[in-house]
Amino acid sequence: MTPERKIPERRSRKARRTRDTLAQAAFELVLDRGLRNVTVEEIAEAADVDRRTFSRYFPSKEAAALDSLRGDGDRINAALRARPAPEPPLLAYRRAVLDWLADPEAEAWHRRPRIFELLVVAEEEPTLYAVFHHIRVDAQEDSITIVADRLGVDPRQDIRPAVTVAAGAGALLAAQAAWVRGGRPDALPERVVEAFDALAETAKEAWATGAAGATGAEATEEAAETEATP
């Protein structure tokens, strides 16, 4: 490797360390003192940088505090890409989420220190929850692209990838909310299974009663997808 190539790589590593340090400082200060009792200047000081440096990496203290959650959407999407091609898309999404939860190296929310506390605070603080919503939306956009590739369709023309991801991500969001409100930090995997089972049952009931106006072929296809279990 030439010296010219090493310099940008060193700069990239330094930038990554600075971002991680700011995010960790924001995470700890928000949990220790409460979101409203923490300023951007205090986060920057804790990370040993100035306010201008903070602003190069994050638009707000909320974005910094939640930065560690961004990688979780990437991990779920990586698991979704790795699912076998014959799996129906919604089943693949469900199993990708369960793969993420079961992988000790991924450090899903129930395994990572204080993430449960952070999501409790996010439920209570509207500005923090809004940033969390944007993080989820970014991950879902990537999920839609992955599902579209699995189906061999253009997501701008075919609505199925977006519907699939909206359903799967909605189940995950419901599970996360039930997990946080239930007060059991270790219960996330069972809440996720419960949420996806509820989605499958609701879909089967809708097709059985004809509430969705599906044809017989559509009902058969959807029932086969939703009734599958991990």
### Query
Are R191 and D186 close enough, and set up right, to give a salt bridge (charged side-chain N to carboxylate O under 4.0 Å, His left out), and what steps lead you there?
CA-CA 10 Å; R191 293 284 81 81; D186 63 340; over 6 Å; no
### Query
Heavy-atom count around L173 CG within 6.0 Å, excluding the residue itself: above 12?
yes
### Query
Judged by atom type as modelled, is there a donor-acceptor pair below 3.5 Å linking the side chain of N77 to the main-chain atoms of G73?
yes
### Summary
d(I76 CD1, D99 CG) to nearest 0.5 Å is 10.5 Å
#### Entry: Distance (rounded to the nearest 0.5 Å) between F132 CZ and E123 CD
8.0 Å
### Message
Under a 3.5 Å distance rule, please check whether T53 uses its side chain to pair with a backbone N or O of V49 as donor and acceptor.
### Response
no
### Summary
Residue set satisfying side chain to side chain donor-acceptor pair (under 3.5 Å) with T145, at least two apart, ordered chain then number -> none
#### Entry: Salt bridge R52-D50, side-chain N to carboxylate O under 4.0 Å
no
### Message
Does E42 form a salt bridge (charged side-chain N to carboxylate O under 4.0 Å, His left out) with K61? I'd like the steps, not just the answer.
### Response
CA-CA 10 Å; E42 289 169 332; K61 61 184 179 181; over 6 Å; no
### Task
Give the cluster check for V180 versus V97: same hydrophobic cluster or not, with ILVMFWY residues linked at side-chain heavy-atom distances below 4.5 Å.
yes
### Query
Would R160 and V147 count as a side-chain contact (heavy atoms from CB on, under 4.5 Å) if you check the C-alpha gap in whole Å, the side-chain angles of each, and the deciding distance to 0.1 Å?
CA-CA 9 Å; R160 288 176 297 166; V147 171; over 6 Å; no
### Task
Apply side chain to side chain donor-acceptor pair (under 3.5 Å) to E87 and list each qualifying residue two or more places apart in sequence or on a separate chain.
R83, R95
### Message
For E205 and E201: C-alpha separation, side-chain torsions, deciding distance, then whether side-chain contact (heavy atoms from CB on, under 4.5 Å) applies.
### Response
CA-CA 6 Å; E205 289 175 357; E201 186 63 29; 3.5 Å; yes
### Query
Any idea which heavy atoms bring L29 and V38 closest together, and the distance?
O-CG2, 3.4 Å
### Query
Y129 ring centre to R136 NZ or CZ under 6.0 Å, with the angle to the axis within 45°?
yes
### Task
Identify whether L69 and V121 are in the same connected component of the hydrophobic contact network (ILVMFWY, side-chain heavy atoms under 4.5 Å).
yes
### V40-L128 co-clustered via ILVMFWY side chain contacts under 4.5 Å
no
### Task
Following the transitive rule for hydrophobic clusters with a side-chain heavy-atom cut-off under 4.5 Å over Ile, Leu, Val, Met, Phe, Trp and Tyr, establish whether I159 and I146 coincide in one cluster.
no
### Query
Shared ILVMFWY cluster between V30 and Y57, side chains joined below 4.5 angstrom?
no
### Task
Can you see which heavy atom on A63 is nearest to which on V131, and at what distance?
CA-CG1, 3.9 Å
### Task
Would you mind telling me which of L80, V163, T164 makes a side chain to side chain contact (heavy atoms under 4.5 Å, CB included) with P89?
T164
### Message
Looking at every heavy atom in both A195 and A171, which two are closest together, and how far apart are they?
### Response
CB-O, 3.2 Å
### Query
What's the verdict on side-chain contact (heavy atoms from CB on, under 4.5 Å) for E194 and E190, showing C-alpha distance, side-chain angles and the deciding distance?
CA-CA 6 Å; E194 181 183 356; E190 63 186 84; 6.0 Å; no
### Message
For L119 and E124: C-alpha separation, side-chain torsions, deciding distance, then whether side-chain contact (heavy atoms from CB on, under 4.5 Å) applies.
### Response
CA-CA 9 Å; L119 292 175; E124 299 169 348; over 6 Å; no
## Note on the structure
So CZ of R16 and OG1 of T21: to nearest 0.5 Å the spacing works out to 10.0 Å
### Task
Measure the spacing between CZ of F27 and CD1 of I43 and express it to the nearest 0.5 Å.
12.5 Å
### Query
Looking at A47 and L22, what are the two nearest heavy atoms and their distance?
CB-CD2, 3.6 Å
### Task
Spell out, as yes or no, whether a donor-acceptor pair under 3.5 Å connects the side chain of R75 to the backbone of W100.
no
### Message
Which heavy atom of W179 sits nearest to which heavy atom of P185, and what is that distance?
### Response
NE1-O, 3.0 Å
### Task
Report, as yes or no, whether the 6.0 Å neighbourhood of atom CG on D138 holds more than 12 heavy atoms from other residues, nucleotides or ligands.
yes
### Query
Which atoms form the tightest heavy-atom contact between A26 and A65, and what is the distance?
CB-N, 3.6 Å
### Query
Could R36 and E125 be called an ion pair, given the rule that one side-chain N must be under 4.0 Å from one carboxylate O?
yes
### Query
Under the side chain to side chain donor-acceptor pair (under 3.5 Å) rule, what pairs show up with a residue in residues 101-111, not counting sequence neighbours?
D72-W109
### Summary
So CG of L118 and CG of L35: to nearest 0.5 Å the spacing works out to 10.0 Å
